[in-house]
> 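A single structure is presented below for examination.
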Amino acid sequence: MGSPRETASAPASSSAPAPARATIQARFPGAALLGQRESPESGLQKQYSNLCMEKSQKINPFILHILQELDEEVKKGLEGGITLNIAGNNRLVPVERVTGQDFWILSRILKNCRYINGLDVGYNLISDVGAYYAAKLLQKQLYLTYLNLMFNDIGPEGGELIAKALHKNQTLKYLRMTGNKIENTGGMFFAAMLQINSSLEKLDLGDCDLGMQSVIAIATVLTRNQAIKAINLNRPILYGEQEESTVHVGRMLKENHCLVALHMCKHDMKNSGIQQLCDALYLNSSLRYLDVSCNKITHDGMVYVADVLKSNTTLEVIDLSFNRIENAGANYLSEALTSHNRSLKALSVVSNNIEGEGLVALSQSMKTNLTFSHIYIWGNKFDEATCVAYLHLIQMGRLKPDNTDVEPFVVDGHVYLAEVSNGLKKHYYWTSTYGECYDHSSNSESCYIAQAGVQWHNLSSVQPASLVQAILPQPLK
């Protein structure tokens, strides 16, 4: 058997520096034993304790607690479809964040668990060392369909290891790398992976410091990839004013007829960029969820969006939050939704400097367009006419309270709007660890991807009372 670093990589060659590879091997002399089998007869909690003692590794009490809950669920008769939640941002139990060493032990006991097909270790400290063992787990565990590694201090080398492990993996459906600074180098390895992998359906590379080269490479590869249903390219590090990345994404949309959800938040996109996307949407028949929030789109850009809405019959969600469309842009959208479009279901115009007139116009659209059911408007300028208009929508049952982010209230005979914690991406960075938080009004993407025939569930948006759960198909509302 070769060195641990070599066995983790799918291709024989690697661009990672030798000292980094030697560091991983030196810190974990037991890495070569990762393929050894553990007896499934005892509970995972006992296996974990025994393996920590055998390898002289400190027991992580948080992992021990979660595995104990998992064992209890299994004893109750739960046989499969479990996602194991060991996220480091849990506030209901004492948390000792998982390190790379902890993940080494964890990967050893999980690799043969047939009843676990989801693993959430977000907001921990596994770093590139843990990424090495995550890559090994992807090679050994043949039942894992969901892996959440968000915000784990994984760098370019760790990104390379995981991307190369996916060259041969045919089971993983959803990977979250959100917030790991894999940079342009790591992004290029993921672009190469997308040329080979034909099973991954959702990939989240948001906040990963991707560069222009890797964004263009991913967009180019997606012109031929027929598996990816959702891609998140939020907040790359881009330089220049030519919006080259948007041009290439537009070209991809003209040729790709499988992509359902596209996230391009914080791309420094201007009106010319949204024009490129809208031109492509005339030819695209698959995209249902478009996120262009936190950009520099003004009311002039809404001319292109309104025009494409008049003919496009597949777009169901548009997130325009934190742009500058103002009243003129809201009026363009309202006219298209009132007289032409009957496919859009959800629109977010949060913090777009829209005043009363534009917000009232959008409320009027909801009265005539019965398909248009979700609207998010907080952060704009509310006058009393706006407050009364949305009060009437809610009172008449046209706008459900869960489908908007405002709630009307009356003081001294005057109507005001208060903020409600709803939104299209309510649980993108955090998830509730108690109660029922799954609903299509605040997690729309999972609904529209499910409609496209994808059988996995949007696990990033679902965490019930137990820290371990069964992944069950959710009915569409």
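These values consider heavy atoms only, across backbone and side chains, with no hydrogens, waters or symmetry-generated copies. Worth saying up front: this structure is predicted, and the values here are computed from it rather than measured.
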> Determine whether a donor-acceptor pair (N or O, by modelled atom type, separation under 3.5 Å) exists between the side chain of Asn271 and the backbone of Thr298.
yes
> Stepwise, does the side-chain hydrogen bond (donor to acceptor under 3.5 Å, both in side chains) test hold for Asn60 with Asp102?
CA-CA 7 Å; Asn60 185 312; Asp102 294 327; 3.1 Å; yes
> Tell me the closest heavy-atom pair linking Ser198 and Gln170, and the distance in Å.
OG-OE1, 3.5 Å
> Please examine the side chains of Ile325 and Ile354, heavy atoms only from C-beta on, and report whether any two atoms are closer than 4.5 Å.
yes
> Side chains of Asn232 and Tyr428: is there a donor and an acceptor less than 3.5 Å apart?
yes
> Where do Asn89 and Arg97 come nearest, in terms of heavy atoms and distance?
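What the structure gives for the nearest pair is N-NH1, 4.3 Å.
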> Sequence neighbours excluded, which residues qualify as side chain to side chain donor-acceptor pair (under 3.5 Å) partners of Asp307?
none
> Would you please name every residue forming a salt bridge (Lys or Arg N to Asp or Glu O under 4.0 Å) with Asp291, sequence neighbours left out?
Lys425
> Going through the checks in order, is the side chain to side chain contact (heavy atoms under 4.5 Å, CB included) test met by His263 and Tyr289?
CA-CA 8 Å; His263 295 266; Tyr289 190 115; 3.3 Å; yes
> Considering only heavy atoms from C-beta outward, does the side chain of Ser348 approach that of Ser321 to under 4.5 Å?
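Touching, per the 4.5 Å side-chain cut-off.
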> Determine, for Glu201 against Lys229, whether the closest basic-nitrogen to carboxylate-oxygen distance falls under 4.0 angstrom.
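The answer is no: the pair does not qualify as a salt bridge.
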> Closest approach of Ile274 and Tyr304, non-hydrogen atoms and distance?
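Reported closest heavy-atom pair: CG2-CD1, 4.3 Å.
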> Any chance you could lay out the side-chain hydrogen bond (donor to acceptor under 3.5 Å, both in side chains) test for Asn148 and Tyr146, step after step, and finish with the verdict?
CA-CA 7 Å; Asn148 186 346; Tyr146 165 67; 3.1 Å; yes
> Using only atom types and a distance under 3.5 Å, with no angle test, would you say the side chain of Asn284 pairs donor to acceptor with the backbone of Asn256?
yes
> Please determine whether a side-chain nitrogen of the Lys or Arg among Arg251 and Glu255 lies less than 4.0 Å from a carboxylate oxygen of the Asp or Glu.
no
> Between Leu333 and Met302, is there a side-chain heavy-atom distance shorter than 4.5 Å?
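They are in side-chain contact.
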> May I ask you to test the Leu70-Ile66 pair for a side-chain heavy-atom distance under 4.5 Å?
no
> Side-chain contact test, heavy atoms from C-beta onward, threshold under 4.5 Å: evaluate it for Met264 versus Met269 and give yes or no.
yes
> Look at the side chain of Asn117 and the backbone N and O of Leu144, then say whether any donor-acceptor pair between them is shorter than 3.5 Å.
no
> Determine whether Cys265 and Cys294 satisfy the following criterion, side chain to side chain contact (heavy atoms under 4.5 Å, CB included), listing intermediate values before the conclusion.
CA-CA 6 Å; Cys265 173; Cys294 302; 3.7 Å; yes
> Looking only at heavy atoms, which two atoms of Asn180 and Ile154 are closest? And how far apart?
OD1-N, 3.2 Å
> Taking atom types as modelled and ignoring hydrogens, do the side chains of Ser214 and Asn184 form a donor-acceptor contact shorter than 3.5 angstrom?
yes
> Do Thr83 and Leu119 come close enough that some side-chain heavy atom pair is under 4.5 Å?
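No. Closest side-chain heavy atoms not under 4.5 Å.
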> Is Arg176 close enough and on-axis enough to Tyr123, meaning under 6.0 Å and within 45°, for cation-pi?
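No, Arg176 and Tyr123 do not form such a contact.
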> Taking Lys55 for the side chain and Cys52 for the main chain, is one N or O donor matched with an acceptor at less than 3.5 Å?
no
> Identify, with sequence neighbours excluded, every residue that meets salt bridge (Lys or Arg N to Asp or Glu O under 4.0 Å) alongside Lys266.
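Testing Lys266 for salt bridge (Lys or Arg N to Asp or Glu O under 4.0 Å), a comparison that skips the adjacent residues, returns none.
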> Any Lys/Arg nitrogen of Lys270 or Asp268 sitting under 4.0 Å from an Asp/Glu carboxylate oxygen of the other?
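Yes, charged N to carboxylate O under 4.0 Å.
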> Report the residues that fulfil side chain to side chain contact (heavy atoms under 4.5 Å, CB included) with Val308, sequence neighbours left out, ordered by chain and then residue number.
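With neighbours one apart ignored, the set is Cys278, Leu281, Tyr282, Asn312.
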> Is Asn124 reaching over with its side chain to a backbone N or O of Ile86, donor-acceptor style, under 3.5 angstrom?
yes
> Side chains of Asn352 and Asn323: donor-acceptor distance under 3.5 Å anywhere?
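Per modelled atom types, Asn352 and Asn323 side chains form no pair under 3.5 Å.
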> What residues form a side chain to side chain contact (heavy atoms under 4.5 Å, CB included) with Ser49, not counting sequence neighbours?
Ile59, Leu64
> Could you give me the CA-CA distance, side-chain angles and deciding distance for Ser285 and Thr314, then say whether side-chain hydrogen bond (donor to acceptor under 3.5 Å, both in side chains) is met?
CA-CA 6 Å; Ser285 59; Thr314 55; over 6 Å; no
> Measure across Phe103 and Val98 and return the closest heavy-atom pair with its distance rounded to 0.1 Å.
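Nearest pair, atom of Phe103 first, then Val98: N-CG1, 3.9 Å.
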> Just jot down the side chain to side chain contact (heavy atoms under 4.5 Å, CB included) partners of Asn169, sequence neighbours excluded, or say none.
Leu138, Leu166, Thr171, Leu172
> Any non-hydrogen side-chain atom of Leu320 less than 4.5 Å from a side-chain atom of Tyr376?
no
> Working note: Ile162 + Phe190, criterion side chain to side chain contact (heavy atoms under 4.5 Å, CB included); need CA distance, chi angles, decisive distance, verdict.
CA-CA 9 Å; Ile162 293 170; Phe190 275 95; 4.3 Å; yes
> Between the side chain of Asp279 and the main-chain N/O of Gly250, is any donor-acceptor distance below 3.5 Å?
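Not at all, since once roles are kept as given, no pair shorter than 3.5 Å links the two residues.
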> Under 3.5 Å, is there a donor-acceptor pair linking the side chains of Glu243 and Ser272?
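Yes.
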> Evaluate the criterion side-chain hydrogen bond (donor to acceptor under 3.5 Å, both in side chains) for residue pair Asp153 and Ser127; output intermediate values, then yes/no.
CA-CA 5 Å; Asp153 199 25; Ser127 69; 5.8 Å; no
> Under a 3.5 Å cutoff, is there a donor and acceptor pairing between the side chains of Ser343 and Thr313?
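Their side chains do not contain a donor-acceptor pair, so the 3.5 Å distance test is not met.
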> Examine distances only and state if a side-chain atom of Asn295 and a backbone atom of His267 form a donor-acceptor pair shorter than 3.5 Å.
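Yes: the side chain of Asn295 pairs with the backbone of His267.
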> Going by side chain to side chain contact (heavy atoms under 4.5 Å, CB included), Leu253 matches just one of Leu259, Leu222, Leu290. Which one?
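Among Leu259, Leu222, Leu290, the one meeting side chain to side chain contact (heavy atoms under 4.5 Å, CB included) with Leu253 is Leu259.
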> Between Tyr48 and Ile63, is there a side-chain heavy-atom distance shorter than 4.5 Å?
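Yes; the side chains approach each other to less than 4.5 Å.
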> For the pair Gln141 (side chain) and Gln139 (backbone), establish whether a donor and an acceptor sit closer than 3.5 Å, ignoring hydrogens and angles.
no
> Given the rule in the side chain to side chain contact (heavy atoms under 4.5 Å, CB included) test, do Lys164 and Met193 qualify, once you have shown the distances and angles that lead to the verdict?
CA-CA 7 Å; Lys164 288 183 174 180; Met193 177 272 295; over 6 Å; no
> Quick check on Glu419: does its CD atom have over 12 non-hydrogen neighbours (other residues, nucleotides or ligands) under 6.0 Å away?
yes
> Does a donor on one side chain sit under 3.5 Å from an acceptor on the other, for Glu183 and Thr185?
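No, no side-chain donor-acceptor contact under 3.5 Å.
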> Name the residue from Ile318, Leu424, Val317, Ile377 that meets the side chain to side chain contact (heavy atoms under 4.5 Å, CB included) definition with Leu347.
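Result: among Ile318, Leu424, Val317, Ile377, Ile318 is the only option passing the side chain to side chain contact (heavy atoms under 4.5 Å, CB included) with Leu347.
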> With no hydrogens and no angle check, is any side-chain donor or acceptor of Asp207 less than 3.5 Å from a backbone partner on Asn234?
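Pair absent, no side-chain N/O of Asp207 close to backbone of Asn234.
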> Under a 3.5 Å distance rule, please check whether Asn50 uses its side chain to pair with a backbone N or O of Gln47 as donor and acceptor.
no
> So how far is it from Asp128 CG to Glu160 CD, rounded to the nearest 0.5 Å?
10.0 Å
> Return the SG to CZ distance between Cys208 and Phe151, rounded to the nearest 0.5 Å.
8.5 Å
